[in-house]
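Here is the structure we will look at, set down as structure tokens.
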Amino acid sequence: MNLFAGIIVFALVGEWLLELIADILNLRHFPAAVPAPFADVYTDEDYAKSRAYARVTTRFGWVKSIVSLVTLLVFWGLGGFALLNRWVTGLADSGFLASSIVRGILFISVLAAARVVLSLPFSLYSTFVIEERFGFNKTTLKTFVADLVKSLLLGALIGWPLLAGVIWFFEVSGDLAWVFCWIFLTLVSLIIHYVAPTWIMPLFNTFTPLEDGSLKAKITAFAQKVAFPLRGVYVIDGSRRSSKGNAFFTGFGRNKRVALYDTLIEKQTEDQLVGVLAHEIGHYKKKHILIQLIIGIAQSGVMLFLLGVFLRSPGLFQAFQLPGDTLPVYAGLIFFSLLFSPVNLVLGILMNVLSRKMEYQADRFAAENTGKPEDLAEALKKLSKDSLSELSPHPLTVILHYSHPPILERLKALTE
């Protein structure tokens, strides 16, 4: 085992152990009784159900993560990456895959397909057993299969050209390959962000303009008050898949959309819905989406620069049993993603810190501009109950996973 292999194994096992410790601490962190701010929405039965949901989903996550980690380590240890590379190279020698780009697409597609097959039983069990048991699932098998097929086709339609571009740039552009890749991926990312609300998201959900009425009038009045360029409020048929509610703001330019799940509309008052939308508009007014986009672009630039460095490191390829004189870019992309995992963990933690701060700012915007912080507070309490959210997660779990502040902290801030 060389240095690269040791670093990757240590990082993978270490991250798994960190997640396990966080989960154990989190399960022990549940308050014994319903926290006081939720006494008006949670019964003892509801609270017991939320604790049971957390236990079941956490333990299911342990099984899933163990299977994933062991499968990766066994595949790697048995020389699976080297065997796969020899297979695609053999096809090239026979004249079937003369292009390294085509070989790369095949190499990564095989790995991606294996990952889909491995995760499929877990997805089915989560959707049709766990979510069904706790009353969330509304997905039919037909919808599940249709979503899977559309996701795979969309992934191929977008992913293959992106992969081809990255491989080509790193093969022909020398030391500046990472710069050209950065520009290329940034442009594609911006285009996808722009067209997603109108071309991609409707492939999975129906977006229906909110009907005229008192709710739309209140939303329109609020948007005018805060000078938000409201181009449309849409209702999403979220009830086709789950009973959980949600709302979000997406897109930019002419394609901006504010969307409400139909399940959210069913369970909230009009003033509470305005509070939720005010929060989403707050993200726009505070330029949170633009800030996150810029940070994401900067992160991708750093990652691509490091990728360019490590693609020239024979030791990285030897760690996966490939010859040191054979440095296929497509294989290097996979190997680097594993090597980069500790950095991704740290970046994820930092982004969560920023995201939680932004959520507080959006809450404050909604409270100040509606003049009714209690409406947003009540909406958040209902949302937490309807999704059986953890009311008081352990701080380590918050650090690792929470892009939103814990609900009790948000309520405290709104009250203040």
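Everything numeric here is computed off the predicted structure, so don't read it as measured data. In this chain, residues are counted from 1 in sequence order.
- Judged as a ring-ring contact (aromatic ring centres under 6.0 Å, His included), the pairs with a partner in residues 369-411 (not counting sequence neighbours) are, in order, H29-H394.
- Applying the 6.0 Å contact sphere to NZ of K285 captures more than 12 heavy atoms from other residues, nucleotides or ligands.
- Checked by atom type and distance alone, the side chain of W76 pairs as donor or acceptor with a backbone atom of A319 at under 3.5 Å.
- Applying the salt bridge (Lys or Arg N to Asp or Glu O under 4.0 Å) test to every pair with at least one member in residues 118-135, sequence neighbours left out, gives these pairs: E131-K244.
- Sparse packing is recorded around CH2 of W199, with 12 or fewer heavy atoms of other residues, nucleotides or ligands lying under 6.0 Å away.
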Distance-only donor-acceptor pairs under 3.5 Å for side chains of residues 347-355, two or more places apart:
{"from": "N352", "atom 1": "ND2", "to": "G348", "atom 2": "O", "distance (Å)": "3.4"}
{"from": "N352", "atom 1": "ND2", "to": "L400", "atom 2": "O", "distance (Å)": "3.2"}
{"from": "S355", "atom 1": "OG", "to": "S403", "atom 2": "O", "distance (Å)": "2.7"}

Enumerate, atom names and distances included, each donor-acceptor pair closer than 3.5 Å involving a side-chain atom of residues 217-224, sequence neighbours excluded.
{"from": "K218", "atom 1": "NZ", "to": "E270", "atom 2": "OE1", "distance (Å)": "3.3"}
{"from": "K218", "atom 1": "NZ", "to": "D271", "atom 2": "OD1", "distance (Å)": "3.3"}
{"from": "T220", "atom 1": "OG1", "to": "K216", "atom 2": "O", "distance (Å)": "2.8"}

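- Within the structure, the ring-ring contact (aromatic ring centres under 6.0 Å, His included) test picks out the following pairs touching residues 139-163 (sequence neighbours left out): F128-F144.
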Side-chain donor-acceptor contacts of residues 176-186 below 3.5 Å, not counting sequence neighbours, with atom names and distances?
{"from": "W182", "atom 1": "NE1", "to": "I297", "atom 2": "O", "distance (Å)": "2.8"}
{"from": "W182", "atom 1": "NE1", "to": "S300", "atom 2": "OG", "distance (Å)": "3.3"}
{"from": "T186", "atom 1": "OG1", "to": "W182", "atom 2": "O", "distance (Å)": "2.7"}

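- Counting only heavy atoms from C-beta outward, the side chains of I281 and N369 never approach each other to under 4.5 Å.
- Counted within 6.0 Å of CZ on R364, heavy atoms from surrounding residues, nucleotides or ligands total 12 or fewer; the atom is thus considered open.
- Among residues two or more places apart in sequence or in another chain, the side chain to side chain donor-acceptor pair (under 3.5 Å) test is passed with K381 by D40, E378.
- Here S65 contributes atom OG and L20 contributes atom CG; the two are 7.5 Å apart, rounded to the nearest 0.5 Å.
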I236 vs F207, side-chain contact (heavy atoms from CB on, under 4.5 Å): CA-CA, chis, key distance, verdict: CA-CA 5 Å; I236 305 177; F207 286 73; 3.7 Å; yes
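- Using modelled atom types, one finds no donor on one side chain facing an acceptor on the other under 3.5 Å when comparing D23 with T58.
- D375 places no side-chain N or O within donor-acceptor distance of the main-chain N or O of G275, the cut-off being under 3.5 Å.
- Side chain of T139 to main chain of R241: a donor-acceptor pair is present (N/O by atom type, distance under 3.5 Å, no hydrogens or angles).
- Aromatic rings of Y47 and F38 (six-membered ring for Trp) have centroids beyond the 6.0 Å cut-off, not under it.
- Of the options T140, V145, L141, a side chain to side chain contact (heavy atoms under 4.5 Å, CB included) to T143 is made by T140 and by none of the others.
- No more than 12 heavy atoms of other residues, nucleotides or ligands sit less than 6.0 Å from atom NZ of K64.
- Sorted by first then second residue, the ring-ring contact (aromatic ring centres under 6.0 Å, His included) pairs that include residues 100-120, not counting sequence neighbours, are F107-Y330.
- The CG atom of L203 sits 6.5 Å away from atom NZ of K150, with the distance rounded to the nearest 0.5 Å.
- For residues 118-127, the set of pairs meeting the side-chain hydrogen bond (donor to acceptor under 3.5 Å, both in side chains) definition, not counting sequence neighbours, is empty.
- Two residues are said to be in side-chain contact when any heavy atoms from C-beta on lie closer than 4.5 Å; Q321 and F81 fail this criterion.
- Sorted pairs that involve residues 182-197 and meet salt bridge (Lys or Arg N to Asp or Glu O under 4.0 Å), not counting sequence neighbours, are lacking altogether.
- No more than 12 heavy-atom neighbours from other residues, nucleotides or ligands sit within 6.0 angstrom of NZ on K412.
- When ring centroids are compared, F136 and Y53 come within the 6.0 Å threshold.
- Residue pairs meeting the salt bridge (Lys or Arg N to Asp or Glu O under 4.0 Å) criterion with at least one partner in residues 286-304, sequence neighbours excluded, are absent.
- Between atom CG of residue D147 and atom CG of residue L152 there is a gap of 11.0 Å, rounded to the nearest 0.5 Å.
- Two residues are said to be in side-chain contact when any heavy atoms from C-beta on lie closer than 4.5 Å; L106 and V110 meet this criterion.
- Without hydrogens or angle criteria, D262 side chain to G238 main chain gives a donor-acceptor distance under 3.5 Å.
- Counting only residues at least two apart or on different chains, the salt bridge (Lys or Arg N to Asp or Glu O under 4.0 Å) pairs with a member in residues 386-410 are D363-R410.
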